[in-house]
Amino acid sequence: MKDFIFSNTTKVYFGKAQLHHLSEEIAQFGKKVLLVYGGGSIKRIGLYDKIIAELNKAEMEIFELPGVEPNPHHTTVNKGAALCKKEGIDVVLAVGGGSTIDATKAIAATAKYEGDDCWDIITGKAFVPDNLPIVAVLTLSATGSEMDIGGVISNVEQNEKQPMFGPTLRSNVSFLDPTNTFSVNAYQTASGSVDIMAHVFDVAYFSAQEEMDMLTRMQEEVLKTVVKFAPAALEKPDDYDARANLMWASSWALNGFLFSGIEQDAIAHMIEHELSAFYNITHGHGLAIVIPKWLSYILDEKAAPKIKRLGVNVFGVDPAFSDMDGAKAAIEAMEKFFFDTLGLKSRLSDLGIDDKNFAIMAKKACGAKGKLEGFTTLTPADVEKIFELCS
Ligand code: NZQ
Ligand code: ZN
């Protein structure tokens with residue numbers, strides 16, 4: 001494994017009686033806050049009123065940016081950044097799921113950019129070393145944005161969806177209250193649970209590099225946590241333990257610890273991001289369809305032992321199988337979990353996606369390098385075949 005530095009500076013308040021700390025935390029950053037949220041779920045669950053009460057307690061001047069879309073648009077980010085500049089905002093507060101937090105991170109950076117288009121920063125045309133402070137109140141366990149250094153923004157006019165990363169793009173303070181996720185519906189709970197698992201598979205578990213056994217075993221524990229608690233949350237949406245385990249698993253899957261010393265290849269994510277860029281589908285659902293087919297496609301003698309290990313340690317596959325049979329059983333067990341237990345549809349055609357854009361999406365997924373390097377290297381032709389397997 002590579003040498004590494006581990007640092008995670010997000011201060012986390014976890015639990016059901018922590019929101020009263022929001023006023024003191026937000027006040028340390030200044031007087032003017034931009035409150036960013038999505039399509040209204042925070043109002044339906046009564047969280048909006050609690051947030052406003054906390055901000056009033058801190059005597060903050062409140063500005064709002066509602067309406068952040070799932071797969072957030074760069075135009076919405078630009079709107080938020082312009083508001084920050086016009087009003088001299090001191091701190092940006094995200095209340096919502098990954099889309100809202102990602103948009104908030106991009107707003108926080110663009111607010112410090114002399115230009116007005118966040119796409120310049122996301123595409124590397126401009127570099128902004130600094131951003132406004134970020135505070136997050138998470139309402140959906142999935143992306144890990146509450147504790148990671150990235151965000152993903154969509155440019156719908158160009159069918160592009162791109163990540164942005166930066167050490168300062170981490171939330172300064174995050175509030176993780178599992179009760180705020182009781183209202184997440186079955187579909188988003190299932191999709192979010194797959195996303196948590198995908199971060200472990202994609203960024204850490206299936207990696208080309210040498211690994212540290214302690215971390216591999218901890219990755220398996222996070223995966224097992226989701227396998228245990230996602231069905232419990234589906235069965236009983238207000239099961240506090242289930243929601244709490246999923247929430248902390250979401251944060252730990254992507255907060256840097258589990259992939260210490262490992263390059264973040266994220267091959268399945270690169271493939272899925274094309275699907276959500278072109279078709280605006282739910283990210284975790286796209287991953288559920290892509291990951292088993294990706295693993296089936298790359299399965300060979302070299303890949304088999306690791307895929308089998310996943311099956312044995314996470315999905316209860318019989319260790320007596322040969323590597324190849326064990327790996328096939330692992331992929332089958334994964335599909336059973338995603339599609340039977342979590343209830344997600346298994347094919348792109350179920351989402352109304354045909355083969356029209358497979359070639360262009362495959363090319364875009366491979367980016368400027370023209371290939372995806374990681375656990376195994378994929379060319380655009382390989383990615384196109386994976387899309388065909390998913391169709
Ligand atoms: O918009 P509202 O009304 O809030 O409704 C949302 C939205 O419709 C709803 N929701 C959220 N919390 C809820 C709730 N509904 C009821 N009760 C609650 N408590 O759920 C829907 C989906 O929300 P969204 O934020 O889009 O979901 P998620 O958290 O899965 O975020 C997905 C986005 O994050 C990106 C994805 O690509 C996608 O754009 N990712 C971000 C990453 C990161 N920051 O590092 C990594 C991931 O791999 C991922 O790419
Ligand atoms: Zn993801």
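Numbering of ligands and ligand atoms starts at 1, following listing order.
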Which protein N or O atoms sit under 3.5 Å from any N or O of ligand 1? Give atom names and distances.
{"from": "ligand 1", "atom 1": "1 (O)", "to": "G39", "atom 2": "N", "distance (Å)": "2.7"}
{"from": "ligand 1", "atom 1": "3 (O)", "to": "G39", "atom 2": "N", "distance (Å)": "3.1"}
{"from": "ligand 1", "atom 1": "3 (O)", "to": "G40", "atom 2": "N", "distance (Å)": "3.1"}
{"from": "ligand 1", "atom 1": "3 (O)", "to": "S41", "atom 2": "N", "distance (Å)": "3.0"}
{"from": "ligand 1", "atom 1": "4 (O)", "to": "S41", "atom 2": "OG", "distance (Å)": "2.7"}
{"from": "ligand 1", "atom 1": "12 (N)", "to": "T139", "atom 2": "O", "distance (Å)": "3.4"}
{"from": "ligand 1", "atom 1": "12 (N)", "to": "T139", "atom 2": "OG1", "distance (Å)": "2.8"}
{"from": "ligand 1", "atom 1": "17 (N)", "to": "S183", "atom 2": "OG", "distance (Å)": "2.8"}
{"from": "ligand 1", "atom 1": "19 (N)", "to": "T139", "atom 2": "O", "distance (Å)": "3.0"}
{"from": "ligand 1", "atom 1": "19 (N)", "to": "N180", "atom 2": "O", "distance (Å)": "2.9"}
{"from": "ligand 1", "atom 1": "19 (N)", "to": "S183", "atom 2": "OG", "distance (Å)": "3.3"}
{"from": "ligand 1", "atom 1": "25 (O)", "to": "G98", "atom 2": "N", "distance (Å)": "3.2"}
{"from": "ligand 1", "atom 1": "25 (O)", "to": "S99", "atom 2": "N", "distance (Å)": "3.0"}
{"from": "ligand 1", "atom 1": "25 (O)", "to": "S99", "atom 2": "OG", "distance (Å)": "3.4"}
{"from": "ligand 1", "atom 1": "26 (O)", "to": "S99", "atom 2": "OG", "distance (Å)": "2.5"}
{"from": "ligand 1", "atom 1": "29 (O)", "to": "G98", "atom 2": "N", "distance (Å)": "2.7"}
{"from": "ligand 1", "atom 1": "31 (O)", "to": "S99", "atom 2": "N", "distance (Å)": "3.4"}
{"from": "ligand 1", "atom 1": "37 (O)", "to": "K161", "atom 2": "NZ", "distance (Å)": "2.6"}
{"from": "ligand 1", "atom 1": "39 (O)", "to": "N71", "atom 2": "OD1", "distance (Å)": "3.2"}
{"from": "ligand 1", "atom 1": "39 (O)", "to": "K161", "atom 2": "NZ", "distance (Å)": "3.4"}
{"from": "ligand 1", "atom 1": "44 (N)", "to": "D102", "atom 2": "OD1", "distance (Å)": "2.7"}
{"from": "ligand 1", "atom 1": "44 (N)", "to": "D102", "atom 2": "OD2", "distance (Å)": "3.4"}
{"from": "ligand 1", "atom 1": "44 (N)", "to": "S145", "atom 2": "OG", "distance (Å)": "3.3"}
{"from": "ligand 1", "atom 1": "44 (N)", "to": "G150", "atom 2": "O", "distance (Å)": "3.2"}
{"from": "ligand 1", "atom 1": "45 (O)", "to": "D148", "atom 2": "OD2", "distance (Å)": "2.4"}
{"from": "ligand 1", "atom 1": "48 (O)", "to": "H199", "atom 2": "NE2", "distance (Å)": "2.7"}
{"from": "ligand 1", "atom 1": "48 (O)", "to": "H269", "atom 2": "NE2", "distance (Å)": "2.8"}
{"from": "ligand 1", "atom 1": "48 (O)", "to": "H283", "atom 2": "NE2", "distance (Å)": "3.0"}
{"from": "ligand 1", "atom 1": "50 (O)", "to": "H273", "atom 2": "NE2", "distance (Å)": "3.0"}
{"from": "ligand 1", "atom 1": "50 (O)", "to": "H283", "atom 2": "NE2", "distance (Å)": "3.3"}

Atom of A232, atom of D239 and distance for their closest heavy-atom approach: CB-OD2, 4.1 Å

Between N245 and K228: side-chain donor-acceptor atoms closer than 3.5 Å: no

The Zn ion (ligand 2): protein N, O or S atoms that are less than 2.8 Å away, sorted by chain: D195 OD1, H199 NE2, H269 NE2, H283 NE2

F321 six-ring centre to K308 NZ/CZ under 6.0 Å and within 45° of normal: no

Flag, side chain of T10 to backbone of S171, donor-acceptor distance under 3.5 Å: yes

Any donor-acceptor pair under 3.5 Å from K125 side chain to W119 backbone: no

Salt bridge E221-K224, side-chain N to carboxylate O under 4.0 Å: yes

Greater than 12 external heavy atoms within 6.0 Å of K345's NZ: no

Minimum-distance pair of heavy atoms, taken over all atoms of T341 and P231: CG2-CG, 3.7 Å

Beyond-backbone contact of K11 with H21, side-chain heavy atoms, under 4.5 angstrom: no

